Amino acid sequence: MWATGGSGTPEGSEEASSARTGNEGPGTRALMEEVVDHRNLERAAKRVRQNRGSPGIDGMTVEELPRWMREQWPGMREQLLAGSYEPKPVRRVQIPKRGGGERELGIPTVGDRVIQQAILQVLQPRLDPTFSDHSYGFRPGRSAHDAVSQMRDYVTEGRVWVVDIDLEKFFDRVNHDMLMGRLAKRLEDRRLLRTLRRYLSAGVMVNGVKVEQRRGTPQGGPLSPLLANVYLDEVDKELERRGHAFVRYADDLRVLVRSKRAGERVMGALIKRFAKLRLRVNESKSTVARVYERPFLGFDLWVNKKGETKIGVASKSMERMKERVRELTNKRRGRRVEQVVWQLQRYLQGWWRYFGLTESRRGLRDVEGWTKNATDRRGRGRVGLFVRESALAQARATVAACIGPLSVHSAPARPGPSTTWRTGTSSAA
DNA sequence: CTATCCAATAC
RNA sequence: AUUGUAUUGGAUAG
Ligand SMILES: Nc1ncnc2c1ncn2[C@H]1C[C@H](O)[C@@H](COP(=O)(O)OP(=O)(O)OP(=O)(O)O)O1
Ligand SMILES: [Mg+2]
């Protein structure tokens with residue numbers, strides 16, 4: 001089933017299934033006690049409050065949390081310990097997706113977010129260490145950078161073909177029963193399992209009416225990312241067992257192979273494997289291709305003159321950055337110039353912080369220099385002193401020179417790395 | 001070393 | 001308005 005008729009490939013073959021060892025770690029029976037422990041709960045409430053998220057279906061804001069904790073918590077605690085707690089439905093919010101289309105968020109009540117967070121804090125330390133080393137998304141201590149670097153290393157080993165898979169509406173299609181089955185193999189506390197099940201079937205509020213959801217884990221629930229990793233863990237382990245070189249970030253899976261043929265075989269197998277999980281591979285976003293043709297987490301790979309594989313900024317990400325810079329500089333809606341520059345610096349610094357992983361040094365170095373230039377101004381040196389109307393234009397010109405043409409309307413494109421706009425270095429009043 | 005606040009990116 | 005997880009960085013106060 002797993003291995004379709006393919007011969008001579010470097011990957012080994014092995015039978016599936018290995019059955020997890022009962023439960024993870026000691027004391028999985030009294031997990032709910034850990035969840036409702038007041039220290040754990042305080043930490044959870046703090047996190048939810050600091051996220052500054054908007055209310056769920058009951059309209060309670062995060063500012064009202066302390067009051068809620070005092071008045072509603074004792075009752076909730078008892079219900080949780082009895083395994084009889086019923087979460088509220090989530091609030092449906094549509095937001096635009098990066099690649100077009102809409103993302104359906106499911107926003108739980110602030111109170112439910114606290115409880116889910118409290119559960120996460122108990123489950124994450126137990127479950128996460130059991131996950132595959134090849135899985136990077138939503139996991140503490142593992143970054144997108146780690147995933148990209150790992151993929152680059154696989155490519156350096158000569159695996160230049162990639163099976164690129166993205167799942168369709170991933171969170172929305174997670175099967176409740178199958179997920180619960182996975183969880184039941186790892187956790188013994190039946191009250192906790194019951195509440196997790198109830199969170200999954202809490203449903204959505206659609207103009208005053210609760211609509212049952214028979215599948216999916218809400219995009220917006222604190223627990224959902226962990227549950228998603230639990231759901232796909234078995235696939236990770238199977239790929240591992242077969243000795244595949246792969247990296248997974250959430251629902252973005254890359255298997256690196258040495259030939260197109262091997263890739264197509266793996267792709268076919270994975271489509272079937274995901275179908276077994278009631279998940280569908282996104283046909284438009286998934287393919288077998290040369291790694292250099294497929295961006296990953298905002299980066300792409302390329303080969304330098306010496307034949308080394310290097311990490312670069314994917315062109316989509318580059319275009320998005322330019323667009324944002326244009327948007328921040330072009331027309332300023334009643335903002336002062338210094339405000340515009342400050343915002344631009346802030347954005348570019350954050351951008352570079354992520355994309356600084358890139359090893360392509362064509363002009364991007366200068367973005368860094370430029371950004372630092374504008375930013376590294378110790379003390380509370382005010383931007384106001386050195387910024388004048390021309391600073392804005394120069395900033396745009398510099399970026400344009402580093403990154404490419406930014407706009408049609410004003411691009412002198414005569415940057416000069418050593419332009420004089422840094423003149424007001426000294427402290428200011 | 002602790003705490004609060006802000007920002008960027010990935011999904 | 002827009003939720004969540006994770007990573008990385010900055011500022012400020014002790
Ligand atoms: N802003 C977000 N808030 C909460 N969860 C998110 C967010 N972005 C992504 N996720 C989670 C839920 C998604 O199901 C999962 C994978 O992301 P993504 O592939 O971009 O969307 P998707 O799988 O839901 O739809 P698509 O069919 O377009 O791939 O990551
Ligand atoms: Mg997807």
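Below, read A as the first sequence line, B as the second, and so on, with proteins coming before strands; counting in each chain starts at 1. Fair warning: this is a prediction, and the values are worked out from it, not measured in the lab.
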Once the angle between the rings of A:Trp73 and A:Trp68 is folded into 0 to 90°, is it parallel (under 30°), tilted (30 to 60°) or perpendicular (over 60°)? tilted
Do any side-chain nitrogens or oxygens of [X] fall under 4.0 Å of OP1 or OP2 in [N]?
X        : N      : result
A:Gln124 : C:A6   : yes
A:Arg47  : C:U5   : yes
A:Lys97  : B:dC11 : no
A:Arg346 : B:dC6  : no
A:Arg139 : C:U7   : no
A:Gln219 : B:dC11 : no

If only atom types and distance count, is the side chain of A:Asn51 paired as donor or acceptor with the main-chain N or O of A:Val48 below 3.5 Å? no
Using a strict cut-off of less than 4.0 Å between a Lys/Arg side-chain nitrogen and an Asp/Glu carboxylate oxygen, indicate whether A:Arg186 and A:Asp233 qualify as a salt bridge. yes
Base-pairing string, 5' to 3', of RNA chain C - Watson-Crick or wobble, under 3.5 Å, | interstrand: ...|||||||||||
State yes or no: are the ring centers of A:Phe171 and A:Tyr231 separated by less than 6.0 Å? no
Identify which nucleotide among [options] has an atom closest to any side-chain atom of [X], counting heavy atoms from C-beta outward.
X        : options              : result
A:Leu297 : B:dC11, C:A6, B:dC6  : B:dC11
A:Ile107 : C:U7, B:dT9, C:U2    : C:U2
A:Val93  : C:U2, C:U3, B:dA8    : C:U2
A:Tyr354 : B:dA10, B:dC11, C:U2 : B:dA10
A:Phe138 : C:U2, B:dA10, C:U5   : C:U5

Regarding A:Tyr347, tell me which of base, sugar-phosphate or nothing describes its non-hydrogen contacts under 4.0 Å with the strands shown.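 Touches sugar-phosphate only.
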Quick one: label A:Gly141 by what it contacts on the DNA or RNA (base, sugar-phosphate, nothing), any heavy atom closer than 4.0 Å. sugar-phosphate
Is it the case that B:dA10 (base atoms only) and A:Tyr249 (side chain only) share a donor and an acceptor within less than 3.5 Å, ignoring hydrogens and angles? yes
Considering only heavy atoms, which members of residues 48-67 of chain A lie under 4.0 Å from some atom of RNA chain C?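 Result for residues 48-67 of chain A: A:Asn51, A:Gly53, A:Ser54, sorted by number.
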Under a 4.0 Å heavy-atom cutoff, the residues of residues 167-176 of chain A touching RNA chain C are none
In whole Å, measure the gap between the P atoms of C:A1 and B:dC6 for me. 13 Å
Student check: side-chain heavy atoms of A:Leu348 and A:Met321 closer than 4.5 Å: yes
Quick one about A:Asp112 and A:Tyr85 (side-chain donor to acceptor, distance below 3.5 Å, no hydrogens or angles considered), yes or no?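 Yes.
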